[in-house]
Amino acid sequence: MDLYGTELSSRLLLGSAQYPSPAHLVDAISASGCQIVTVSLRRETASGTGAGFWDLLRETGVRILPNTAGCHTAAEAVTTARMAREIFATDWIKLEVIGHSDTLQPDVFGLVEAARTLSDEGFQVFPYTTDDLIVGERLLDAGCDVLMPWGAPIGSAQGLRNPDALRSMRAHFPGVPLIVDAGIGRPSDAAMAMELGFDAVLLNTAVARAGDPVGMARAMALAVQAGRAGFEADPIERRDMAVPSTPVLGLAEL
């Protein structure tokens, strides 16, 4: 998988919030085999523990994808992204501009505005967006090379609420890296996203809040691998009627 010129072998991205302990986070990263971990600037600087948290992640060898979590305007997201670039020394940014406090649905108008500003400043933007095709086109026009549509509201564990829209998105943007971001609750959800042809999934709560975060991280990694392998194997289409697996021609008539 290629993201902004970086070749990656893992198709699972993990968030770094809500884990029971830093040790659980480190062990989950190891069990998942992921190569990218998202970090909120607010999480990084909270309570004066940011430096230690940053050092902990660097020791894992993963690539950090800072995000603008909690930003509700384009201006706020742009400012946060600029700060994140200074702290993490990377042009990568997961761009979030939240428009609804209950669903955490993106404000797609502010998202496009912020994406254009950041792209013009040399950022490589990973926009958290909806499954709307027109919004996707606007984000690509704004300079994004990757799209990250939600599967369901953040942290809801509802899985893929609109698989038909995601399927249409995959067909509409055949050459664009697409990552399902938010809503994944179970390994089966991750496998379904990959079977639809998505390039990766990004999840946090499903692993961090599981009874066994390390075991769930391992399960999610296997699900992503299985789903991708199934997609690449070109599965048969669904049928309205039964089709016998044993030929009826040549059978004796009694």
Side-chain angles (χ1 to χ4, degrees), residues 1-15 31-36 38 62-63 65 94 124 126-141 144-152 156-204 206-207 215-251:
M1 176 177 65
D2 182 279
L3 299 177
Y4 285 108
T6 298
E7 191 65 30
L8 301 160
S9 58
S10 173
R11 295 178 181 272
L12 175 62
L13 290 70
L14 281 185
S32 72
C34 74
Q35 296 169 285
I36 297 176
T38 65
V62 297
R63 177 151 188 167
L65 175 59
K94 180 191 172 190
Q124 296 174 322
F126 294 70
Y128 163 62
T129 183
T130 65
D131 50 26
D132 186 277
L133 301 182
I134 304 304
V135 175
E137 290 178 347
R138 296 293 184 270
L139 288 167
L140 295 178
D141 290 342
C144 300
D145 289 349
V146 177
L147 297 176
M148 302 178 67
W150 66 347
S156 68
Q158 294 180 15
L160 307 185
R161 291 209 305 187
N162 196 344
D164 287 339
L166 292 173
R167 188 178 292 109
S168 296
M169 198 169 195
R170 177 70 285 175
H172 193 72
F173 301 111
V176 177
L178 299 180
I179 302 172
V180 170
D181 177 17
I184 299 293
R186 291 168 174 75
S188 56
D189 301 329
M192 179 182 294
M194 300 305 294
E195 287 176 2
L196 290 176
F198 279 72
D199 296 278
V201 297
L202 194 164
L203 51 90
N204 187 166
V207 169
M216 185 59 74
R218 187 176 297 111
M220 288 294 186
L222 293 172
V224 167
Q225 293 170 17
R228 182 65 185 185
F231 169 73
E232 291 177 342
D234 192 15
I236 64 173
E237 296 295 328
R238 294 180 182 271
R239 295 163 174 165
D240 294 331
M241 300 180 64
V243 177
S245 57
T246 302
V248 296
L249 294 177
L251 294 181

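Nothing here was measured: the structure is a model prediction, and the numbers come from that model. The residues of the chain are indexed from 1 along the displayed sequence.
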Distance col, row Ile184:CD1 vs Leu202:CG, nearest 0.5 angstrom, shows 10.0 Å
dist Leu14:CG -> Ser32:OG (nearest 0.5 Å) comes out at 4.0 Å
Looking only at heavy atoms, the pair that brings Ser10 and Gln35 closest together is N-OE1, 2.8 Å
Quiz: residues 157-166 side-chain donor-acceptor pairs under 3.5 angstrom, not counting sequence neighbours:
residue	atom	partner	partner atom	Å
Gln158	OE1	Arg161	NE	3.4
Gln158	OE1	Arg161	NH1	3.2
Asn162	OD1	Ala165	N	3.2
Asp164	OD1	Arg167	NH1	2.8

| Side chain Arg170, main chain Leu196, donor-acceptor under 3.5 Å | no
Under 3.5 Å donor-acceptor pairs involving side-chain atoms of residues 222-240, not counting sequence neighbours:
residue	atom	partner	partner atom	Å
Arg228	NE	Glu232	OE2	3.1

Taken to the nearest 0.5 Å, the spacing of Thr129 OG1 from Ile179 CD1 works out to 13.0 Å
Correct closest heavy-atom pair for Pro177 and Gly175 would be CD-O, 3.8 Å
Taking side chain as C-beta onward, heavy atoms only, is Ile36 less than 4.5 Å from Leu3?
yes
Correct closest heavy-atom pair for Leu65 and Phe126 would be CD1-CD1, 3.7 Å
Rounded to the nearest 0.5 Å, the CG atom of Asp181 sits from the CG atom of Leu147 at a distance of 11.5 Å
Looking only at heavy atoms, the pair that brings Ala190 and Met220 closest together is CB-SD, 4.1 Å
Using distance only, find each side-chain donor-acceptor pair of residues 132-140 under 3.5 Å and give its atom names and separation, not counting sequence neighbours.
residue	atom	partner	partner atom	Å
Asp132	OD1	Ile134	N	2.9
Asp132	OD1	Val135	N	2.9
Glu137	OE2	His172	NE2	2.7

Asp2 vs Glu7 side-chain heavy atoms within contact, under 4.5 Å | yes
Are more than 12 heavy atoms, taken from residues, nucleotides or ligands other than Arg63, located less than 6.0 Å from that residue's CZ atom? yes
Closest non-hydrogen contact found for Arg11 with Asp199 is NH1-O, 3.0 Å
Val180 and Ala193 have their tightest heavy-atom pair at CG2-CB, 3.8 Å
d(Asp145 CG, Tyr4 OH) to nearest 0.5 Å is 4.5 Å
CZ (Arg186) and CG (Leu203) are apart, to the nearest 0.5 Å, by 13.0 Å
